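Before any comments, here is the structure.
Because only heavy atoms are used, hydrogens play no part in the values below, and waters and symmetry mates are left out as well, while side chains stay in. Here is the naming used below: chain letters follow the sequence lines, and residue numbers restart at 1 for every chain. Since we're looking at a predicted model, the values are computed, not measured.
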There are 2 protein chains.
Amino acid sequence: MLTVSAALAPSPAMVAANAENRLARNAAPALPSRGSIGVAGAPRQVPTSVALAGQVLNFAEGREIYAEGEAVRSFYKVIDGVVRTCTFASDGRRQIDGFHAEGEIFGLEMSDEHRLSAEAVTDCTVVAYRWAGLASFNGGDGETARAVFGLAMQCLERTRDHSLLLGRRSAAQKLAAFLLDLAERGGEDGGIDLAMSRQDIADYVGLTIETVSRTFSQFERDHLIALPSIRHVVLRNRSALVELAD
Amino acid sequence: MLTVSAALAPSPAMVAANAENRLARNAAPALPSRGSIGVAGAPRQVPTSVALAGQVLNFAEGREIYAEGEAVRSFYKVIDGVVRTCTFASDGRRQIDGFHAEGEIFGLEMSDEHRLSAEAVTDCTVVAYRWAGLASFNGGDGETARAVFGLAMQCLERTRDHSLLLGRRSAAQKLAAFLLDLAERGGEDGGIDLAMSRQDIADYVGLTIETVSRTFSQFERDHLIALPSIRHVVLRNRSALVELAD
DNA sequence: CGGAGGATTGAATGAATTCAAAGTCGGTGG
DNA sequence: CCACCGACTTTGAATTCATTCAATCCTCCG
């Protein structure tokens with residue numbers, strides 16, 4: 001149902017009720033954006049321009065896209081909005097593995113069931129590409145394979161950065177790094193639009209919501225940032241933040 | 001110098017002074033092993049059996065294999081011994097991204113310079129495969145591409161697990177998870193041979209060396225483990241450890 | 001305008017770190 | 001062969017930082 005193309009090879013015939021999408025540089029349509037991770041800015045570069053058919057799907061804020069343990073049938077690219085991938089510990093604590101914004105992919109896994117769940121942080125539009133584990137990598141032509149590989153490597157790099165962020169760092173270091181990352185991904189200086197709640201941020205950087213709040217307030221008192229509204233951050237002293245972050 | 005084959009395609013002609021190696025299931029030669037991560041056991045399965053030429057290299061304990069910032073010319077597979085990949089914060093703190101044992105790869109990166117450095121935890125033997133970023137993915141035949149892709153996905157999974165480990169978890173949870181991971185990778189039950197120092201462990205799980213030591217001692221007092229020698233751990237109550245880890 | 005969920009702030013607690021000292025182990029040289 | 005040295009590890013006490021628990025404050029929506 002979710003999938004359209006045969007294993008990574010375009011097959012327009014199967015593109016039924018839904019629009020076809022191309023996995024290409026700047027391919028995202030200009031939908032009214034309610035929530036980029038950072039500010040609207042330069043689209044994230046994807047190192048491919050390969051035609052790949054997929055099915056466009058919409059999810060309302062908070063909706064689950066797939067659950068931990070569910071069979072892997074697709075991987076996804078974000079067209080608009082923000083998605084989080086996460087796991088839940090036995091005591092209920094949530095750990096957010098990553099936020100995925102326009103142009104980024106998620107859900108690409110080797111095993112046959114998802115190790116993480118995915119949820120819409122904001123209302124969002126994604127494209128599902130048929131994918132059922134490593135076997136799916138077989139058929140595609142060289143260029144498609146290369147595209148998917150590039151995307152996987154991008155995930156790997158982001159995940160690596162994340163685990164370095166979580167290592168032995170203070171709350172201030174983590175949050176400075178988090179904000180700088182958002183600013184970089186968002187594109188322009190000036191303001192960052194937070195797509196996610198404080199709780200999301202806390203679960204991403206491995207802190208409590210109170211510590212996140214306190215640290216942001218401290219940053220503001222120190223004139224490192226301004227918080228004109230609850231979901232908007234302005235970097236006032238980027239170099240000091242960089243210094244802090246490491 | 002380090003590289004032997006043309007981009008991921010076997011080219012025996014270039015295999016000059018050094019032995020050729022095949023990236024295959026159970027390909028590792030039976031060298032006298034001084035340091036697997038865990039106990040000697042079932043070889044880590046690699047989901048490929050593709051011929052791939054590479055150059056065999058040896059590194060003494062503590063030696064640097066490549067440095068952060070260095071140009072990416074190869075990725076590596078561990079034949080024997082253990083390798084760590086890590087970064088250094090500006091204040092000198094080290095963060096270990098991963099330990100890589102027999103059969104595992106490291107150093108596969110998309111960018112043109114290494115974001116991490118790699119060092120020999122023990123005396124070790126690795127094979128270097130020519131690799132210069134995403135462009136290297138172009139030439140190979142389908143099967144080689146698939147092999148490399150599978151390896152990249154394996155790295156991704158390990159890195160994901162690591163970042164979940166580092167999130168909001170207590171020292172006991174982190175170390176229980178660490179020991180269970182080693183035990184699983186090592187193969188058999190019974191004993192775990194720690195290839196790495198307490199400092200290495202601390203830098204991997206994001207704790208101080210003192211906390212690692214104290215927690216191990218506490219585990220021993222609680223009969224979760226035994227520590228017959230400094231580099232040897234016996235799991236005495238695996239289910240309790242699993243419970244602890246989450 | 002009033003309610004509810006999310007965010008901020010405060011005070012007390014607790015876990016991990018830091019600083020400091022003692023113990024262990026392996027290796028080297030007498 | 002034994003004693004000593006040095007690096008690594010363990011243990012102890014005090015401190016620090018983030019968490020927990022609790023109360024208040026926004027802000028958005030109905």
How long is the line joining CD of Gln199(B) and C1' of dT17(C), in whole Å? 13 Å
Rounded distance in Å - NE2 (His232(B)) to C1' (dT9(D)): 18 Å
With a 4.0 Å cut-off on N to O distance, would you call Arg84(A) and Asp203(A) a salt bridge? no
Can a salt bridge be assigned to the pair Asp161(A) and Arg115(B) using a cut-off of 4.0 Å between side-chain N and carboxylate O? yes
Just to be sure I understand the geometry, which residues of residues 211-230 of chain B put a non-hydrogen atom under 4.0 Å away from DNA chain C? Thr211(B), Arg214(B)
Between dT8(C) atom P and Arg231(A) atom CZ, what is the distance in whole Å? 11 Å
Hey, which of Tyr129(A), Phe99(A), Tyr76(A) is the one that makes ring-ring contact (aromatic ring centres under 6.0 Å, His included) with Phe106(A)? Tyr76(A)
Upstream residue (5' side of DNA chain D) when Ser197(B) and Arg169(A) are each assigned their closest nucleotide: Ser197(B)
Quick one: do Arg236(B) and Glu220(B) make a salt bridge, cutoff under 4.0 Å? no
At 4.0 Å (heavy atoms only), tell me whether Arg168(A) reaches a base, stays on the sugar-phosphate, or touches nothing. sugar-phosphate
OP1 or OP2 of dA15(C) sitting under 4.0 Å from any side-chain N/O of Ser170(B)? no
Using atom CG of Asp203(B) as one end and atom C1' of dT17(C) as the other, report the distance to the nearest whole Å. 14 Å
Side-chain atoms of Ile209(A) come closest, of dA16(C), dT18(C), dT8(C), to dT8(C)
Provide, to the nearest angstrom, the distance between the CZ atom belonging to Arg93(B) and the P atom belonging to dA16(C). 17 Å
Can you tell whether the side chains of Arg185(B) and Glu104(B) come within less than 4.0 Å, N to carboxylate O? yes
For the pair made of CG in Leu207(A) and C1' in dT20(D), what is the distance, rounded to whole Å? 14 Å
For Glu210(B) and dT10(D), what is the distance between atoms CD and P respectively, to the nearest whole Å? 11 Å
Using the side-chain contact (heavy atoms from CB on, under 4.5 Å) definition, which of the options Asp80(A), Ile105(A), Val83(A) pairs with Val126(A)? Val83(A)
Whether the side chain of Arg168(A) engages the backbone of Tyr204(B) through a donor-acceptor N/O pair (distance < 3.5 Å, no angle test) should be reported. no
Whole-Å distance separating the CD atom of Gln173(A) from the P atom of dT17(C): 13 Å
